[in-house]
Amino acid sequence: MPENSDIVKVFYEIADLLDLLGETFKPRAYRRAARSIEALSEDLADIATRSELEDIPGVGKAISQKIQEFLKTGKVRALEELRAKVPSGLVELLRIPDIGPKTVQKLHEKLGVSTIEQLREALEEHRVRDLPGFGERSEESIRRNLELYIKQQQRSPINTVYHLAQKLLNVLGGLSGVEKIEVAGSLRRWRETVGDLDILIASEKSEPIMSAFTQLPDVKQILAHGPTKSSIIIRDGMQVDLRVVKPENFGAALQYFTGSKAHNIALRRIAQKRKWKLSEYSLSDKRDGRIIAQRTEEEIYEALGMPWVPPELREDTGEIEAALENQLPKLVELSDIRGDLHVHTKWSDGRDTVESMAQAAIERGYEYIAISDHSKRIKIAKGLAETKLREQIEAIQKIDEELSDIRILSGVEVEILSDGSLDFSDDVLAETDVVTASIHYDTRGSEEEMTERLVSAMKNKYVDILAHPTGRLVGERPPYSVNLDKLMETAKHYHVFLEINSHRLDLPDVEARRAKDRGLKLVVNSDAHWANGFEIIKFGLAVARRAWLEATDVINTLPFSKLHRILKHVHIN
DNA sequence: GCCGTTTTCGGCCCGACTGTTTTCAGTCG
């Protein structure tokens, strides 16, 4: 069964090929359709069955037909025809920074370059500098960009970039003349990975700030250095873009640089209809240049007829329509979170004791935590055998009685074995308060096998939570093959809560949103392995917010008095 | 190729920076 993402790839490739053939507007149309489809929470096949493909924004007659053709045959003839017209390596050349369709065309027509390898040769033989409109400098720039492309075409997980950003904000925020400083871009939207880091500063004088920025001790390469906009590569390979604007333009600039690109394009279309234009400086009247809004994001959104849209939602996946109808969700916030149901201790592979984890949770203002150490099958994580687990349950009970500020639940992160059975028998599970099931080993089964394994675990009458349901670890490990629709259906039927794991970012935002759409409740857990580990909940919370989740969609926003009623077997004392 | 509170034809987001030009094209975000 073809997935939406397969047809998305087809349309992006068609767009690239049309670019290379010199088309201007058709590529945009295909990209717009591709983005719309990426945002769907429903299978194209189902939409096609209802003959509603053309209701998708950006999808008209021609694209609708191509979707149907793809669903039927698994191919799109128009794509095959385009591929036949364009040498196969050219599309990859477009991936190199600063090389666009026009440059690729020239490289191919004048120099016969159609692959990365041929480009490298042409650069070595200094043939690129002889192209019309090119010179020594542009040849050198292409050489560097090619190196960059080969070395690191990767986005970094948000947790690593987040801390780098905090450091840069501290340094740059301390420069004289800086009135305001904010991160923008995908980091402000809390995307799970970040390609480059965007920082925005409000100041009356930009040049000194730009000079200081490009002379930071960690700068490895300066990509651009203008009076208001500069880009650098810092030592660990991350690209950082800095933009300085006047304080009165800060709102418009922040809106603009936060993106996403798709969100901004959609906003501009709305502005355009009113004969206005929206730029990084202001929202203004096209006819007389009158400024309508510029100082804050709130003013700009309000002028466009909608409330301020939280950055996490700005992906053009329905948030603008919702905002226009005043139907934005009231997103779950950190202050809504009352506890954490996935916490490890020294008993298995954690670093700290039950007491210190409880103390750290109290300091965060939590009402409850569940200690859920690994089960015996996971030897590498010192998984607990039955006797150890029983000892731990007793120990936790004691500590729970001593500490009046918090409830400590006895939980377990029980391994789902290869055959779908659990690492503990039911009578052992029954002694705990909350059971979290998950998979850590033997993850290479087929989609059917992995799905069946997870489904049979969820059918166990003691399982409350399925932890990191897809198995992915953002930036490191891909998900296992699993049918998430089936998984969600089962979770709903057997009252299992799917986890958003703050360390792995699993479920991913898109899937968490689908889960909500299906009426499931989720739990946002830290998976903390030491006392300072609770703070990473902010990354899981960001996933929840990007998934449009409200407090009522997240069970660990409930007070304990209500939470224990929806878990299957909490022992109340 | 898509779309419609000026439109079923004629538009399609906006501006900074770079390198090559001598007024601009290409790329990016």
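None of the values given here were measured: they were computed from a predicted structure. Throughout, a chain's letter reflects where its sequence line sits, starting with A, and its residues are numbered from 1.
Remark: P of B/dT20 and CD of A/Glu139 are 10 Å apart, rounded to the nearest angstrom. Distance A/Gln272 CD to B/dC3 P: 15 Å, rounded to the nearest Å. Separating the CD1 atom of A/Ile96 from the P atom of B/dG26 is a distance of 18 Å, rounded to the nearest angstrom. Here B/dC3 presents its P atom at 10 Å from CG of A/Asp55, a figure rounded to the nearest Å. Rounded to an integer number of Å, the gap from NZ of A/Lys273 to P of B/dC12 is 14 Å. Counting to the nearest Å, the C1' atom of B/dG26 and the CG atom of A/Leu94 are 13 Å from each other. In this entry the distance linking CG of A/Asp241 with P of B/dA16 reads 15 Å, nearest Å. The CD1-P distance, from A/Ile99 to B/dC28, rounds to 9 Å in whole Å.
The glycosidic torsion of B/dT20 lies more than 90° away from 0, placing the base in the anti range.
Residue A/Tyr30 forms a side chain to side chain donor-acceptor pair (under 3.5 Å) with just one option from A/Lys66, A/Glu13, A/Arg35, and that option is A/Lys66. If you run side-chain contact (heavy atoms from CB on, under 4.5 Å) between A/Ile500 and each of A/Leu549, A/Asp509, A/Val554, only A/Leu549 comes through.
Remark: A/Glu302 CD is loosely packed, at most 12 non-hydrogen atoms of other residues, nucleotides or ligands lying under 6.0 Å away.
Distances shown here put every side-chain N or O of A/Arg268 at or beyond 4.0 Å from the OP1 or OP2 atom of B/dC14. A/Tyr281 has a side-chain polar atom (N or O) that falls below the 4.0 Å cut-off from OP1 or OP2 of B/dA16. Close to B/dC17, at under 4.0 Å from its OP1 or OP2, lies a side-chain N or O of A/Thr228. Contact between the side-chain N/O atoms of A/Ser138 and the OP1/OP2 oxygens of B/dT20 is found at a separation under 4.0 Å. At the phosphate of B/dC12, neither OP1 nor OP2 sits under 4.0 Å from any side-chain N or O atom of A/Arg28. The side chain of A/Thr103 contributes an N or O atom lying less than 4.0 Å from OP1 or OP2 of B/dT27. Checking the phosphate oxygens (OP1, OP2) of B/dA16, no side-chain nitrogen or oxygen of A/Lys229 falls inside 4.0 Å.
For A/Ala224, the listed nucleotide lying nearest its side chain is B/dC17; candidates were B/dC17, B/dG1, B/dC13. Side-chain proximity of A/Lys102 to B/dC2, B/dT20, B/dG26: nearest is B/dG26. Comparing B/dG29, B/dC2, B/dG19 by their closest approach to the side chain of A/Asp196 singles out B/dG29.
Using a 4.0 Å heavy-atom criterion, one finds that A/Glu136 contacts the sugar-phosphate atoms exclusively. Note on A/Ile265: a base of the nucleic acid sits closer than 4.0 angstrom, heavy atoms only. When heavy atoms are screened at a 4.0 angstrom cut-off, A/Lys106 is found touching no nucleic acid atom at all. The residue A/Leu278 sits close only to the backbone: its heavy atoms come under 4.0 Å of sugar-phosphate atoms, none of a base.
For a distance-only test at 3.5 Å, the side chain of A/Lys261 qualifies as a donor-acceptor partner of the base of B/dG29.
Residue ring and nucleobase are not stacked for A/Phe25 and B/dC2 under a centre distance beneath 5.5 angstrom and an angle between planes beneath 30°.
Side-chain atoms of A/Arg129 do not come within 3.5 Å of backbone N or O of A/Ser138 as any donor-acceptor pair. Of the possible donor and acceptor atoms, one in the side chain of A/Arg189 sits under 3.5 Å from a partner among the backbone N and O of A/Thr258.
Along DNA chain B, the nucleotide nearest A/Lys61 and the nucleotide nearest A/Ser279 are compared for position; the residue whose nucleotide lies closer to the 5' end is A/Lys61.
Within the 4.5 Å cutoff, no side-chain heavy atoms of A/His126 are placed close to those of A/Asp130.
When both distances must be under 3.5 Å, the Watson-Crick or G-U wobble mate of B/dT8 does not exist.
Ring geometry for A/Phe539 versus A/His163: interplanar angle over 60°, hence perpendicular rather than tilted (30 to 60°).
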